[in-house]
Amino acid sequence: CYQCGASYGSANKNNHDETLADEEYANGFCLYCNGYQPASRNADGYYEISNGGQFFWFGNYINTVDRTANAVLRADIDLEGKALSPIGKAANKYAGVFDGQGHTISNFHIHITSVGNWGLFGYIAGEGTVIKNFSISGDVTTALTSNVDVQYGVVGQADGTAEIRNVHSSVNLTSNDTYQKKYFGGIVGRTGNITVDMCSYSGKLSLGSNTLDCVGGIVGYVYNGKTAKITNCGFYGDIDTTYSGGNVGGILGYYNGENAKALNISNCLSVGTLPEGRNAIVGVIKNYGSTNAGSNNYYLDGVTNSVTNVTAAVATQTQLASGEIVLSLGDVWGQNIDNGKTNQGYPVIGGATVYCVTNCLRNADYSNTNAVRHASGCVLYNGAYSLCGEFSSNGIVDGVYHISTAEQLVSFAKTVNNGNTEIDAKLINNIDLTGYEWTPIGTAENMYSGIFDGNGKSITVQFSYSGGYEDEK
């Protein structure tokens with residue numbers, strides 16, 4: 001390059017063949033010519049990508065030199081909104097391993113103008129091909145000039161037993177034209193013989209009034225009879241359209257089982273926003289008869305779900321927020337319940353572990369701690385808990401409940417009547433229960449058998465008797 005002095009790769013003029021001094025790059029982009037800083041291979045043969053320029057370098061390298069190269073992210077990547085050429089093309093499908101190692105890719109941008117495979121990865125295929133372990137955000141726009149097939153997702157098209165695992169997208173797409181949108185997915189546009197596991201979409205597909213077909217929150221379209229395993233995936237995003245037709249689903253848009261019935265959608269959650277009347281899990285399954293195509297899926301109450309081949313249960317917002325559903329979905333799901341972090345309102349992949357515990361009222365409850373906890377509304381007041389009657393530790397001396405207030409006496413009665421019948425108590429002060437709702441200590445089911453020492457104190461109580469129990473004669 002006459003500007004920076006670096007030599008270029010013979011196949012792509014933007015890829016530097018040699019690395020300049022670090023100060024001559026900004027985020028991996030050459031300060032003089034905007035060329036890309038090369039990534040270097042580690043001992044395992046993976047290219048290590050640490051900045052935006054190296055990501056562009058790797059994409060060009062795949063598309064022009066070696067489509068089987070492997071890569072790992074070594075840091076969060078900012079693509080700066082620069083237009084990216086999708087990695088892998090129909091004539092040069094990506095067939096390596098890309099491991100994001102839990103990092104984020106931000107400011108991703110592409111502008112879709114023609115037929116083809118569009119996304120961070122355009123086309124991937126082949127046994128051993130794996131895209132995994134990263135989150136991505138950014139924006140995509142369209143400017144089509146005719147009705148053509150466009151495969152769009154984080155991965156535009158995927159074939160040949162490729163795998164996509166633990167990929168999470170919040171990329172927003174906006175249609176700026178009036179032509180059809182076909183094979184659009186939050187994660188994968190068009191696919192066959194594929195595994196999609198532990199992926200989620202939380203962005204927005206703004207499709208306007210365009211004709212739609214095969215649009216899904218996770219996958220848009222699966223080829224006729226091809227194997228597709230979509231498991232542990234979550235749709236939290238928004239598919240926005242005023243078009244009333246097309247095959248649109250929260251997890252998958254369309255599957256045709258004419259040649260074979262090989263679809264499995266299981267342990268998935270659909271709580272995103274869909275156009276009215278569109279199905280929460282699968283838009284359309286064709287030629288599938290009564291064959292089961294998946295199980296243990298959940299979707300938000302109020303959303304349509306007319307495709308019965310994929311077993312799915314409705315869940316209310318209360319159930320989703322409580323932690324109840326996360327345990328049914330499986331081990332890879334989690335949620336913030338009572339760990340001091342904001343409750344997401346629904347299960348998330350890789351979230352905090354949730355346990356089903358018994359609360360202080362002996363009801364099932366959900367917690368991030370595997371221990372009995374107090375029920376909602378059971379609060380500590382004057383040394384005792386308001387609903388269950390449990391005393392604070394400073395209210396118990398040598399195993400004896402020391403009762404100093406009316407609240408503590410009411411709580412002591414609740415403790416006994418909830419089954420702790422052998423505990424002992426001692427009055428410390430005179431107690432006035434006037435104005436308190438009083439339930440006698442001990443019931444027919446939980447008869448009191450401890451020692452209650454009045455310690456010479458008095459109890460003032462007022463209550464009405466409206467019923468009771470008659471001994472057998």
Side-chain angles (χ1 to χ4, degrees), residues 301 313-328 337-338 343 354-473:
D301 187 22
V314 66
T316 66
Q317 190 61 65
T318 299
Q319 288 177 304
L320 290 164
S322 73
E324 175 184 348
I325 302 302
V326 71
L327 290 175
S328 300
I337 303 297
D338 56 1
N343 187 325
V354 175
Y355 301 93
C356 182
V357 298
T358 301
N359 66 25
C360 62
L361 299 180
R362 300 191 175 187
N363 299 320
D365 211 342
Y366 304 95
S367 173
N368 296 124
T369 303
N370 193 13
V372 175
R373 70 170 188 164
H374 289 280
S376 176
C378 188
V379 296
L380 185 64
Y381 180 70
N382 277 351
Y385 283 89
S386 58
L387 296 181
C388 68
E390 180 183 332
F391 275 52
S392 62
S393 59
N394 59 8
I396 303 174
V397 180
D398 295 329
V400 178
Y401 284 66
H402 282 208
I403 299 173
S404 302
T405 67
E407 290 85 6
Q408 288 181 332
L409 182 56
V410 171
S411 293
F412 178 79
K414 292 177 180 179
T415 300
V416 172
N417 296 341
N418 281 331
N420 296 315
T421 59
E422 298 180 358
I423 56 178
D424 300 330
K426 181 179 181 179
L427 294 186
I428 305 302
N429 297 321
N430 295 329
I431 304 296
D432 186 356
L433 289 172
T434 302
Y436 287 84
E437 183 179 345
W438 175 249
T439 301
I441 299 171
T443 66
E445 294 80 13
N446 293 303
M447 294 179 284
Y448 182 55
S449 58
I451 298 172
F452 189 96
D453 182 0
N455 194 30
K457 306 300 179 181
S458 67
I459 299 174
T460 301
V461 60
Q462 294 179 345
F463 61 89
S464 61
Y465 184 75
S466 59
Y469 136 100
E470 183 178 341
D471 288 329
E472 292 183 0
K473 292 185 173 64

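Nothing fancy with the numbering, it's 1 onward along the sequence.
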Original post:
Which pair of non-hydrogen atoms, one from Ser458 and one from Asn430, has the smallest distance, and what is that distance?
Top reply: N-OD1, 2.9 Å

Subject >> Gap between atom CD1 of Ile325 and atom CD of Gln317 - 0.5 Å precision >> reply: 11.0 Å

Original post:
Tyr366 and Val354: which non-hydrogen atoms are nearest, and at how many Å?
Top reply: CB-CG1, 4.1 Å

Original post:
CD1 of Ile459: more than 12 outside heavy atoms within 6.0 angstrom?
Top reply: yes

Subject >> Test side chain to side chain contact (heavy atoms under 4.5 Å, CB included) applied to Asn429 - qualifying residues, sequence neighbours left out >> reply: Ser404

Original post:
Out of curiosity, Ile441 CD1 to Tyr448 OH, how far, rounded to the nearest 0.5 Å?
Top reply: 7.0 Å

Original post:
Can you name the residues that form a side chain to side chain contact (heavy atoms under 4.5 Å, CB included) with Thr443, not counting sequence neighbours?
Top reply: Asn417, Glu445, Asn446

Original post:
Once you round to the nearest 0.5 Å, how far does NZ of Lys426 lie from CD1 of Ile403?
Top reply: 12.0 Å

Original post:
What distance do Thr460 atom OG1 and Leu433 atom CG have between them, rounded to the nearest 0.5 Å?
Top reply: 8.0 Å

Original post:
For the atom pair OG (Ser322) and CD1 (Ile337), what is the distance rounded to the nearest 0.5 Å?
Top reply: 6.5 Å

Subject >> side-chain hydrogen bond (donor to acceptor under 3.5 Å, both in side chains) partners for Thr434, two or more places apart >> reply: Asp432

Subject >> Leu427 and Asp453, any side-chain heavy atoms less than 4.5 Å apart >> reply: no

**OP:** Answer whether the closest heavy-atom distance between the side chains of Leu409 and Trp438 falls below 4.5 Å.
**Re:** yes

Original post:
Hey, does the side chain of Asp301 reach the backbone of Val314 with a donor-acceptor pair shorter than 3.5 angstrom?
Top reply: no

Original post:
Does Asp338 have any salt bridge (Lys or Arg N to Asp or Glu O under 4.0 Å) partners at least two apart in sequence or in another chain, and if so, which?
Top reply: Arg373

Original post:
Residues two or more places apart in sequence or in another chain: which of them pass side chain to side chain contact (heavy atoms under 4.5 Å, CB included) with Ser328?
Top reply: Tyr298

**OP:** Check Ile428 against Lys457 and note the closest heavy-atom contact, atom names and distance.
**Re:** O-CE, 3.3 Å

Subject >> Partners meeting side chain to side chain contact (heavy atoms under 4.5 Å, CB included) with Ala321 (sequence neighbours left out) >> reply: none

Subject >> Asp424 side-chain N/O to Ile451 backbone N/O, donor-acceptor pair under 3.5 Å >> reply: yes

